[in-house]
Amino acid sequence: MQHPNLAQRLSLLIVTAFLHVAPVRAERPAAPQLLPESTVAYLRVRDSREFVRLFQDSNFGRMLNDEKIQGVMSGLYGTELSLDGNMTSPAGVVAYIEDQIGSSLDEILTLIEGEVCLALVAEEQQTPILVGLADLGSQETAERLIAAAADQMVAEGWNRKSSDEDEDGLTVFRRRDQDEDQTLVYVIKDGTFLFSSQVAQARQILAIWNGTAEGVKTMADNRRFTSIMKLCSGAKDERPQVSWFFDPVTLANRIVGGTFQGQIVLGVLEQIGVNGLKGVGGSVILGAEEFDTITHAQVLLGNPRTGVIKVLALGESDAAPELWVPNDVANYSTITLAPGKSYDAIRQLWDTISGDGIFDQNVQQYLSDELGFDFEKDLIKQLDGRMTLFTSVEQPVKVNSQATMVGVKLKDAKEFQKTLDQILALFPQAIEPATGGAGAKIFKLVVDRDERPAQEFMRRSDPAGAVVGDYLLLSDSTKLLRKAIATKNGNGKRLADELDYKLVTNMARRQKGGSRPAMISFQRPEVSMQLLYDLVTGDAAKQGLRSAGEENPFFQSVADALDGNPLPAFEVISQYLAPAGGMVTDDENGIHYIGFSIRRESND
């Protein structure tokens, strides 16, 4: 087991490596050309200086650098907080870290100037190997920090073999702790810091680097990795600033595959189709034309899909919001599933494990007989597949003012109403009818009313539902449900007519697979931020902070900081907030997610 002090020091080396980063140096191959093909987990910043520059130029980065907002941040910087039972401040924490590592924050921020990568390598029947590399900016600072950490490790019982004694210039630390052999090796080569938890792995990477390795395959030869990275590039092949990859099935095979018990577990996983998961990965792209950020994520799946993989059956979604969705939503998402296909896949999987026909017997015994209707015929087969969720802020402003609605599309609303009535009849004490449905049959969930003073800050939950048109609508707010019904009847503005929604969906269509999405999402960060802003600046919140500050110095410090540095007008913040969207597609490669936010220019 790793010694806590070593973990802290290794973490410090890794964290400082991610603080500031520049283009990959031409004199060495990039990380995917150095790491072995057996790499199962990987996180990489390709160009740190570019990443920092683009982040600072992003909507969020420019907002943080706004002079009117920096005043508030400076005030909070000195806010007291609890650290190991002692009261300090973010400024005090920085000073403490600087004192511990013997370098100023400015020096730390110049420590790295290049590619940064952290990876996990899994060879057959071996403990997974940790590997990391980072191009150094200030080698002098890095060597001083590393030397201090190395001396402390020796003081804690590690045996050190210096680089002068090693043919590859490696510094190797070894010790035995709790019957476990531990190794940590590092080298600084051509301005790049390389470390590993295995000596042989470090030597192999150096051999690849030097061009002396023969017949060694790297991550660049791993088809699962390269397929995911290709799918996670931009629509115009923009190069991601951040990329990641994880192959959980291969990792499991490598860890437990050599044992009898492990073979049994792997056999079961194969039987239920888990081996169809070939890997997951993604990327982050900043500053791509009109986009502020673009995020990709890919679930790479084998074909044909079987077992648990087959259960997630997706269809094609209509980008047009339903007629009952009001125009002032904070967030909106719609997805199309294939309930019948998923149900059949669950049946097949269940029977594979338990025996032919067992699933239907269990459904009949534990669901259909108990509920009083045919679970598959009267419920599952009544679902069309489209499901929609949106949130909306209700006034007056409360901590939980954001109300939620879910809509489930039905094949035959009249037939489903009969099934719904049977379900509601099972809970006569918990359900009551409500009026104001404009023809829809509203039902409400009876909840206990808490009259404590805290309710002043909380919206009372008022769950309700109804079949509206060809949808079952469920909400935690009867008010929102009635608003949706009125919107469907033409008594309110609709999201489908909003320009920002049309803009986001049009941008989504231009992405890979955008013509056939299974899921579409839309966000208005400005609406959610307005809620938070109104809460923080409201009299109730200020009074609450003062009251809490009587018992906790932290809240008193926050109240003092906000009094001395009040938040600017909301328009100062909102000028940096732009609509965002996302979509999910499903094709022969698997399931792909893309999320993006629109770049907004400031009003300066």
Side-chain angles (χ1 to χ4, degrees), residues 1-21 31 34-35 41 43 83-84 93-105 107-123 126-206 209:
M1 184 173 181
Q2 199 171 44
H3 195 285
N5 286 338
L6 169 63
Q8 293 171 2
R9 285 170 173 77
L10 182 57
S11 298
L12 176 61
L13 293 176
I14 296 171
V15 169
T16 53
F18 278 89
L19 289 177
H20 190 77
V21 205
L34 289 175
L35 295 169
L43 175 64
L83 184 66
D84 295 332
V93 173
V94 171
Y96 174 80
I97 293 174
E98 290 177 337
D99 180 65
Q100 290 295 303
I101 65 178
S103 292
S104 68
L105 181 60
E107 286 182 306
I108 296 172
L109 291 174
T110 62
L111 182 61
I112 303 301
E113 277 192 351
E115 179 186 35
V116 177
C117 181
L118 189 64
L120 192 67
V121 178
E123 302 288 359
Q126 290 186 21
T127 301
I129 305 162
L130 184 65
V131 177
L133 59 86
D135 291 332
L136 300 175
S138 174
Q139 186 163 331
E140 179 182 354
T141 301
E143 289 177 345
R144 176 157 46 87
L145 293 175
I146 293 171
D151 290 342
Q152 184 62 39
M153 290 172 63
V154 172
E156 293 171 357
W158 288 78
N159 296 315
R160 173 170 55 184
K161 178 182 177 182
S162 69
S163 58
D164 295 336
E165 306 171 55
D166 187 86
E167 59 181 327
D168 291 314
L170 300 175
T171 297
V172 183
F173 295 87
R174 286 192 174 94
R175 78 169 179 182
R176 187 166 183 81
D177 184 41
Q178 298 184 1
D179 297 325
E180 180 182 356
D181 290 326
Q182 296 182 352
T183 301
L184 179 63
V185 54
Y186 79 87
V187 64
I188 297 177
K189 175 178 169 60
D190 298 336
T192 296
F193 174 64
L194 167 68
F195 75 88
S196 175
S197 60
Q198 187 194 78
V199 175
Q201 188 61 69
R203 294 196 193 282
Q204 177 178 291
I205 291 175
L206 290 174
W209 189 338

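Nothing here was measured: the structure is a model prediction, and the numbers come from that model. Hydrogens, waters and symmetry mates play no part in the numbers below; they use all other heavy atoms, side chains included.
Listed by chain and residue number, Phe193 satisfy the ring pair (Phe, Tyr, Trp, His ring centres under 6.0 Å) test with Tyr186 (two or more places apart in sequence, or in another chain). Checked against side-chain contact (heavy atoms from CB on, under 4.5 Å), Arg174 has the following partners two or more places apart in sequence or in another chain: Val172, Thr183, Val199. For Gln204, there are no side chain to side chain donor-acceptor pair (under 3.5 Å) partners two or more places apart in sequence or in a different chain. Under the rule for a side chain to side chain donor-acceptor pair (under 3.5 Å), Asn159 has no partner lying at least two apart in sequence or in another chain. Every side-chain contact (heavy atoms from CB on, under 4.5 Å) that Val187 has, sequence neighbours left out, goes to Leu170, Leu194, Leu206. Every residue meeting the side-chain contact (heavy atoms from CB on, under 4.5 Å) condition with Ser162, not counting sequence neighbours, appears here in chain and number order: Asp164, Glu165.
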Please test Cys117 against Leu35 for side chain to side chain contact (heavy atoms under 4.5 Å, CB included), starting from the C-alpha separation and ending with a verdict. CA-CA 10 Å; Cys117 181; Leu35 295 169; 3.9 Å; yes
Applying side chain to side chain contact (heavy atoms under 4.5 Å, CB included) to Ile188 and Ile146, what does each step give before you reach the verdict? CA-CA 10 Å; Ile188 297 177; Ile146 293 171; 4.1 Å; yes
Could you walk me through whether Leu130 and Leu118 pass side chain to side chain contact (heavy atoms under 4.5 Å, CB included), step by step? CA-CA 8 Å; Leu130 184 65; Leu118 189 64; 3.9 Å; yes
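Going from atom OG1 of Thr127 over to atom CG of Asp181 covers 10.0 Å, rounded to the nearest 0.5 Å. For the atom pair CG of Asp190 and CG of Leu136, the computed distance is 11.0 Å after rounding to the nearest 0.5 Å.
Phe173 and Met153 make their closest contact through CG-CE, 3.6 Å (heavy atoms, listed as atom of the first residue, atom of the second, distance). Taking every heavy atom of both residues into account, Ala150 and Arg160 meet most closely at CB-NH1, 3.5 Å.
Side-chain atoms of Gln198 come within 3.5 Å of backbone atoms of Gln201 as a donor-acceptor pair (strictly under, hydrogens ignored).
Legend: ring-ring contact (aromatic ring centres under 6.0 Å, His included) pairs involving residues 128-157, not counting sequence neighbours: none detected.
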